[in-house]
Amino acid sequence: MSNPSSKSGPRTVRDYIRTIADFPHDGILFRDVTTLFADPRGFRMCVDQLLAPYAGMRIDKVVGLEARGFILGGAVAHQLSTGFVPIRKQGKLPGQTISQAYTLEYGEAVVEVHDDAMAPGETVLLVDDLLATGGTAEAGIRLIERLGAQVIGCAFVVDLPDLGGRKRLEALGMDVHALCAFDGL
């Protein structure tokens with residue numbers, strides 16, 4: 001891949017994302033957002049575009065899904081002058097937590113959030129880098145709702161529409177915002 005900064009002309013977030021073939025398994029095209037994060041213009045554009053649809057809305061907390069969602073969610077929360085809450089893999093948070101299991105392609109995983117991270121009635125924006133099947137995002141939504149908070153939107157950098165995550169989240173009544181999409185796996 002060429003250096004995104006060396007390209008001329010109009011730039012989109014998608015232009016900053018590198019594709020790596022056969023990672024983590026043969027046949028997978030991995031959409032690597034670290035190249036986006038590394039470029040100051042690209043990262044700024046990304047954060048601005050993630051929060052743009054929610055400008056003027058009351059947002060009490062931004063929730064980021066492990067791990068790249070922490071980077072994005074922290075930056076979005078900073079721009080909105082609101083709190084940030086991480087949803088982590090099981091066993092990574094030090095305080096009292098609630099857990100939510102979800103299904104992966106091969107097996108099951110569990111995510112957790114501190115049981116005092118959000119208050120009933122708070123409005124929350126869920127942020128992550130990539131929407132694939134929607135399993136992790138749905139687990140995050142379930143945790144947020146169990147704490148009595150309301151998800152006002154789910155913002156992603158990349159949508160992989162062939163994997164059905166957007167439809168899954170929209171079926172839950174979620175507003176889904178993605179900056180770009182890539183076909184295939």
Side-chain angles (χ1 to χ4, degrees), residues 4-5 11-18 31-89 92-93 97 100 102 111-114 116-161 165-166 168-170 172-182:
S5 300
R11 303 284 309 180
T12 68
V13 166
R14 184 183 167 117
D15 294 328
Y16 292 92
I17 298 169
R18 167 174 57 185
R31 308 308 177 170
D32 180 19
V33 295
T34 63
T35 49
L36 170 66
F37 295 169
D39 187 285
R41 285 188 200 103
F43 190 51
R44 164 66 73 182
M45 179 191 318
C46 173
V47 171
D48 289 347
Q49 289 179 12
L50 281 173
L51 62 87
Y54 309 102
M57 296 177 76
R58 184 183 130 224
I59 298 174
D60 297 307
K61 301 274 173 55
V62 174
V63 169
L65 300 174
E66 189 162 334
R68 291 172 296 274
F70 297 171
I71 297 163
L72 293 162
V76 169
H78 174 75
Q79 287 298 103
L80 293 173
S81 297
T82 192
F84 173 77
V85 174
I87 290 184
R88 301 218 51 196
K89 293 176 183 171
K92 299 291 186 180
L93 292 170
T97 61
Q100 182 70 42
Y102 64 101
V111 289
E112 295 179 327
V113 68
H114 280 128
D116 61 355
M118 290 162 267
E122 285 189 315
T123 55
V124 175
L125 176 62
L126 181 95
V127 176
D128 202 4
D129 68 318
L130 184 117
L131 177 59
T133 66
T136 307
E138 181 178 352
I141 291 164
R142 300 278 185 224
L143 288 171
I144 293 163
E145 291 176 341
R146 284 172 53 199
L147 291 176
Q150 176 191 2
V151 179
I152 57 101
C154 301
F156 302 91
V157 177
V158 175
D159 181 16
L160 301 178
R166 175 184 286 272
R168 180 178 186 166
L169 298 184
E170 288 174 343
L172 296 173
M174 294 296 125
D175 172 63
V176 178
H177 171 59
L179 303 186
C180 64
F182 288 90

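Since the model is a prediction, treat every value here as computed from it, not as a measurement.
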Subject >> Backbone of Lys89 reached by a side-chain donor or acceptor of Glu66 within 3.5 Å >> reply: yes

Original post:
Between the side chain of Arg68 and the main-chain N/O of Val33, is any donor-acceptor distance below 3.5 Å?
Top reply: no

Original post:
Is it true that a side-chain atom of Thr123 and a backbone atom of Arg58 form a donor plus acceptor pair closer than 3.5 Å?
Top reply: yes

Subject >> Glu112 with Arg88: basic N within carboxylate O range, under 4.0 Å >> reply: no

Original post:
Do the side chain of Asp48 and the main chain of Met45 share a donor and acceptor less than 3.5 angstrom apart?
Top reply: no

Subject >> Shortest non-hydrogen contact from Cys154 toward Leu125 >> reply: N-CD1, 4.3 Å

Subject >> Listed partners of Phe37 passing ring pair (Phe, Tyr, Trp, His ring centres under 6.0 Å), at least two apart >> reply: Phe43

**OP:** Answer yes or no: is there a donor N or O on one side and an acceptor on the other, between the side chain of Glu122 and the main chain of Ala119, under 3.5 Å?
**Re:** yes

Original post:
Any luck finding a side-chain donor-acceptor pair between Asp175 and Tyr54 under 3.5 Å?
Top reply: yes

**OP:** Answer yes or no: does atom CZ of Arg146 have more than 12 heavy-atom neighbours from other residues, nucleotides or ligands under 6.0 Å?
**Re:** yes

**OP:** Could you walk me through whether Asp60 and Val124 pass side chain to side chain contact (heavy atoms under 4.5 Å, CB included), step by step?
**Re:** CA-CA 6 Å; Asp60 297 307; Val124 175; 6.0 Å; no

Original post:
Taking the side chain from His78 and the backbone from Gly83, do they hold a donor-acceptor pair closer than 3.5 Å?
Top reply: no

Subject >> Expected output: side-chain Thr97 to main-chain His114 donor-acceptor under 3.5 Å >> reply: no

Original post:
So, does Arg31 use its side chain to make a donor-acceptor pair with the main chain of Ile17 at under 3.5 Å?
Top reply: no

Original post:
Partners of Ala67 by side-chain contact (heavy atoms from CB on, under 4.5 Å), sequence neighbours excluded?
Top reply: none

Original post:
Of the non-hydrogen atoms in Cys46 and Leu36, which two are nearest, and what is the gap between them?
Top reply: SG-CD2, 3.8 Å

Original post:
Just by distance, do the side chain of Thr82 and the backbone of Ala77 share a donor-acceptor pair under 3.5 Å?
Top reply: no

